[in-house]
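Here is the naming used below: chain letters follow the sequence lines, and residue numbers restart at 1 for every chain.
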Protein chains: 2
Amino acid sequence: MEMTDAITGLSALAHDGRLAIFRLLVKAGPDGMAAGDIARKLDTAANTMSAQLLVLSNAGLLTARRDGRSIIYAADFERMGALLLYLTEDCCGGKPEICAPLAAIAQTCCPPKKARRANA
Amino acid sequence: MEMTDAITGLSALAHDGRLAIFRLLVKAGPDGMAAGDIARKLDTAANTMSAQLLVLSNAGLLTARRDGRSIIYAADFERMGALLLYLTEDCCGGKPEICAPLAAIAQTCCPPKKARRANA
DNA sequence: TCCATATTTCATGGATTAGTGAAGTATAAG
DNA sequence: CTTATACTTCACTAATCCATGAAATATGGA
């Protein structure tokens, strides 16, 4: 990931409405959610929601597919992983002082050697 | 870390000048750098630099201390670690699909069991 | 075809952000 | 005490962001 992409991603997430959307879609998983359902869940006007989804999509953090009249948005896990990787690796140089706390969660969710724990 | 703090941090980093400052200070380590040295290194006007440093400081990502006529800024590693932890844990729910790439770097910089590698 | 639903696009206005010249504050040196 | 250095603060403008009403587009059903 390049620096400009990282900045676009950070900007997209640096907004309470958009961060809420992203978090909701992470919880929703690969199946994603229809734009209207997201709007109702977060109590946001349809056009406002559309603009917010566009920003996240343009940052590559969301994928979109049409299903009938609805458009289903889903979090792009790979892209988010790349952003986090950029922050730890390129931005922070993998300093132990910074990424030590991450080791714990990486350990929990992605055991390095043995079988991976199911998570949902 | 709370969501509003995370947003403040993301906003602070979502700017090319400020991200460059932060990266420079991460490289500089705990000793930090004087505001003027940062400004010269990044070819930025003094007052512009001051404003950018203020944003990062207000987000808690930098610490500042006076040394004679200079003011020394340093990256707050703990805070950055907390931001990354928020993004992986609270925002992304520690999903393996997202944090798997992080496991590698966490593995490299912070070995879980054995002695930690020195890193300059 | 006509209508309802789902979402987006456009236009607008208000709020926030960002860079800069000029002035102000703090420290050090002569 | 005066002057220089190091930064910050202030005032201002340009640019960008953001929410919203209104209109447009796309799909599905009667």
Inset, instruction - Round to a whole Å and report the spacing from CG of B/Leu62 to P of D/dC7. - result: 14 Å
Legend entry - 4.5 Å side-chain heavy-atom contact, B/Leu61 and B/Asp76: no
Inset, instruction - Please report, rounded to the nearest Å, how far the P atom of C/dT7 is from the CD1 atom of A/Ile21. - result: 13 Å
Inset, instruction - Check whether any side-chain nitrogen or oxygen of B/Ser70 sits under 4.0 Å from OP1 or OP2 of D/dC7, and answer yes or no. - result: yes
Inset, instruction - Would you classify B/Ala46 as touching base, sugar-phosphate or nothing, given that sugar-phosphate means primed atoms plus P, OP1 and OP2, and contacts are heavy atoms under 4.0 Å? - result: base
Inset, instruction - Examine C/dA18: is either OP1 or OP2 under 4.0 Å from a nitrogen or oxygen in the side chain of B/Arg18? Give yes or no. - result: yes
Inset, instruction - Would you indicate whether the side-chain heavy atoms of B/Arg79 and B/Thr63 approach each other to under 4.5 Å? - result: no
Inset, instruction - Using only heavy-atom distances, decide whether a donor-acceptor pair under 3.5 angstrom links the side-chain of B/Asn47 to the base of C/dG19. - result: no
Inset, instruction - Look at B/Gln52 and C/dT17 and indicate whether a side-chain polar atom (N or O) is within less than 4.0 Å of OP1 or OP2. - result: no
Inset, instruction - Would you indicate, yes or no, if D/dT8 has its OP1 or OP2 atom less than 4.0 angstrom from a side-chain nitrogen or oxygen of B/Ser50? - result: yes
Inset, instruction - Identify, between A/Asp67 and B/Met49, the residue whose nearest nucleotide on DNA chain D lies closer to the 5' end. - result: B/Met49
Inset, instruction - Check whether any side-chain heavy atom of B/Met33 lies under 4.5 Å from a side-chain heavy atom of B/Tyr73, and answer yes or no. - result: no
Inset, instruction - Take the protein atom CZ of A/Arg65 and the nucleotide atom P of C/dT8, then report the distance between them rounded to whole Å. - result: 14 Å
Legend entry - Sugar-phosphate only, base, or nothing, as touched by A/Ala34 at under 4.0 Å among non-hydrogen atoms: sugar-phosphate
Legend entry - Spacing between B/Leu13 atom CG and C/dT17 atom P, to the nearest angstrom: 15 Å
Legend entry - Euclidean distance, atom CG of residue A/Leu54 to atom C1' of D/dA19 [Å, nearest integer]: 15 Å
Legend entry - Side-chain heavy-atom pair B/Met3, A/Arg23 within 4.5 angstrom cut-off: yes
Legend entry - Under-4.0 Å side-chain N/O to phosphate OP1/OP2 contact, A/His15 with D/dA19: yes
Legend entry - Of the listed nucleotides C/dA22, D/dA22, D/dT5, the one nearest the side chain of B/Arg69: D/dT5
Legend entry - Rounded distance in Å - CG (B/Leu19) to P (C/dT17): 18 Å
Legend entry - Heavy-atom check, side chain of B/Leu25 versus side chain of B/Ile38, under 4.5 Å: yes
Legend entry - Integer-rounded Å distance: D/dC17 P and B/Ile7 CD1: 16 Å
Legend entry - B/Ile71 CD1 to D/dT5 P, straight-line distance once rounded to whole Å: 18 Å
Inset, instruction - On DNA chain D, check which nucleotide each of B/Arg66 and A/Thr44 is closest to and give me the residue with the more 5' one. - result: B/Arg66
Inset, instruction - Establish, with yes or no, whether the OP1 or OP2 oxygen of C/dT8 is under 4.0 angstrom from a side-chain nitrogen or oxygen of A/Tyr73. - result: yes
